[in-house]
Amino acid sequence: MQNVIQYINENKNNHLNELISFLKFQSISTNPDYNAETRKCADWLASNMKSIGLENVKVIETDGQALVYADWLNAGADKPTLLIYGHYDVQPIDPIELWDSPPFEPVVKDGKIFGRGTADDKGQVFTHVKAVESFLKTEGKLPINIKFIIEGEEESGGEAIADFLPKNKELLACDCILISDTSWITPNMPSITYSLRGISAFEFIIEGPNRDLHSGSYGGAVDNPIHVIADIIAKLHDKYGKIAIPNYYDDIVELTNEERENFKKLPYNENEYKADLNIAETYGENGYTTYERQWARPTLEVNGIYGGYIDKGHKSIIPSKAGAKISLRLVPNQDWQKAAKMAMDYIKSITPPTVKITFTKAHGGNPALAPIDSKGVASAKYALNKAFNMEVALIREGGSIPIITDFQENLNAPAVLMGLGLDSDNIHSPNENFVLENFYGGIRASAYFIENFGS
Ligand code: BES
Ligand code: ZN
């Protein structure tokens, strides 16, 4: 292990420079304009994997973005097999004017690397590639068998991998699925996440008159699609912060008292939380704490609304159309397709007859619950503690990684979420960044995980 750790310490600059190359690809999976760049990113990752000695490296074509697979299976059949999952795609960059440096020209400043995908997820997933490299370059072998499956459309729902997985159970067969795509509860408490919320996302469009109308000539005589959208959105929650869709809470698993007590033991400072976000008050479902609201309660957010004239100045019209993008966060026992249908049925039922409504196809994934007593969780605790020399927490988080539940069911193996991010990373936001110490420490943590999982 000493040689491996020494290699990691001596190669910090190389690892950082390679990460920078990885970050330069504009692999925005949700927008087809970037398909060619996304594909180039997959090719680059595959060639990096090949160069470090991984075998059977493949860029696998799908109906969507390509998957990258690689393995090293020479540890022997008596050794466990680890499947490492991550994603090389990133979120869109807008609003571009709020970035301090261009999102795809990574810069290092104040001990952090800034750029889209630095923390979510290129920087995190790359720690595992560099840990494997460190074993292969020093020892010439790994103490366990390792497979990588890195997808290119996690940020847009992950349909390709969801389709690929059940048809390739043999290829991906493993004893544990290791994922670094989550965050720590505080900057000095590395965290293992044992549950993520699911997600269901869709868009609806309200169509009024067949063209934009003069708001003087027609105002008051024809319904306005933006008013309709505002009215619909206002009816999505009740005054207690609960989702107003009928029977929406019927399926969900309530938090146990034990879990609520455990959440209360985790560090949380309301004043710091508010100061960080520059808000006067937190907000959410009555009767629940911030962690409970974020991690274990269903929520509904409007992610964007559009329609009418939003450019500089003023234009007096009734717009012909308006739309809204919605995401539902789901908790154990909710099904993402059923939740989408319930939401769409409800929205349809409150849409007035003055307009036409259409929905886009929903995408999403079910909530994930990973066991906390697996060998992998023990290895992750050991690894994070050893790499960062800090106490390790066991937490839930509110974000989603749609494929986790499918992995656990299809491969009959537990997932371990050994995250490396911080809340200050600005994922999905301008000035996304990754703390360099978390990157280097993450490579060490991955190496310690591999060592410990094989023992
Ligand atoms: N890495 C995140 C998930 C995450 C974020 C977990 C923060 C824990 C804390 C992941 O890449 C992500 O953002 N997923 C999307 C999925 C969606 C677009 C289908 C999400 O949660 O919005
Ligand atoms: Zn991610």
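Atoms within each ligand, like the ligands themselves, are counted from 1 in listed order.
The Zn ion (ligand 2) lies under 2.8 Å from an N, O or S atom belonging to Asp120. Under 2.8 Å from the Zn ion (ligand 2) lies no N/O/S atom of Glu154, from backbone or side chain alike.
With salt bridges taken as basic N to acidic carboxylate O contacts below 4.0 Å, none links Arg197 and Glu397. Ionic pairing of Arg297 and Glu292 is not present here: no N-O contact between side-chain nitrogen and carboxylate oxygen is shorter than 4.0 angstrom. Glu409 and Lys169 are not joined by a salt bridge, as no carboxylate oxygen comes within less than 4.0 angstrom of a charged side-chain nitrogen. Of the charged side-chain nitrogens involved, at least one lies within less than 4.0 Å of a carboxylate oxygen, so that Asp251 and Lys338 count as a salt-bridged pair. The existence of a salt bridge linking Glu301 and Arg329 is excluded, since no basic side-chain nitrogen approaches an acidic carboxylate oxygen closer than 4.0 Å. Comment: Lys242 engages Glu285 in a salt bridge, judged by a side-chain N to carboxylate O separation of less than 4.0 angstrom.
Gln334 and Asn366 share no donor-acceptor pair across their side chains, judged by distance under 3.5 Å alone. With 3.5 Å as the limit, one finds no donor-acceptor pair spanning the side chains of Asn385 and Glu391.
Under a 4.0 angstrom heavy-atom cut-off, His87 registers as being in contact with ligand 1.
Considering only non-hydrogen protein atoms, atom 22 (O) of ligand 1 sits nearest to Arg329 NH2, 2.8 Å. Of the protein's non-hydrogen atoms, Ile199 CD1, 3.9 Å is the one closest to atom 17 (C) of ligand 1. Shortest contact from atom 1 (N) of ligand 1 to any protein heavy atom: Asp181 OD1, 2.7 Å. Scanning the protein for heavy atoms near atom 14 (N) of ligand 1, the closest one is Ser400 O, 2.9 Å. Of all protein heavy atoms, the one closest to atom 11 (O) of ligand 1 is Glu154 OE1, 2.7 Å.
For the residues Glu397, Glu155, Arg396, the heavy atom positioned nearest atom 12 (C) of ligand 1 is part of Glu155.
Atoms of ligand 1 lying under 4.0 Å from at least one heavy atom of Ile427, given by number and element, are 5 (C), 7 (C).
For ligand 1, the polar-atom distance check against His428 finds a nitrogen or oxygen pair separated by under 3.5 Å. Note: an N/O pair closer than 3.5 Å links Asp120 and ligand 1 by distance alone. Between Thr182 and ligand 1, no pair of N/O atoms sits closer than 3.5 Å.
You'll find the ring centres of Phe126 and Phe22 inside the 6.0 Å limit.
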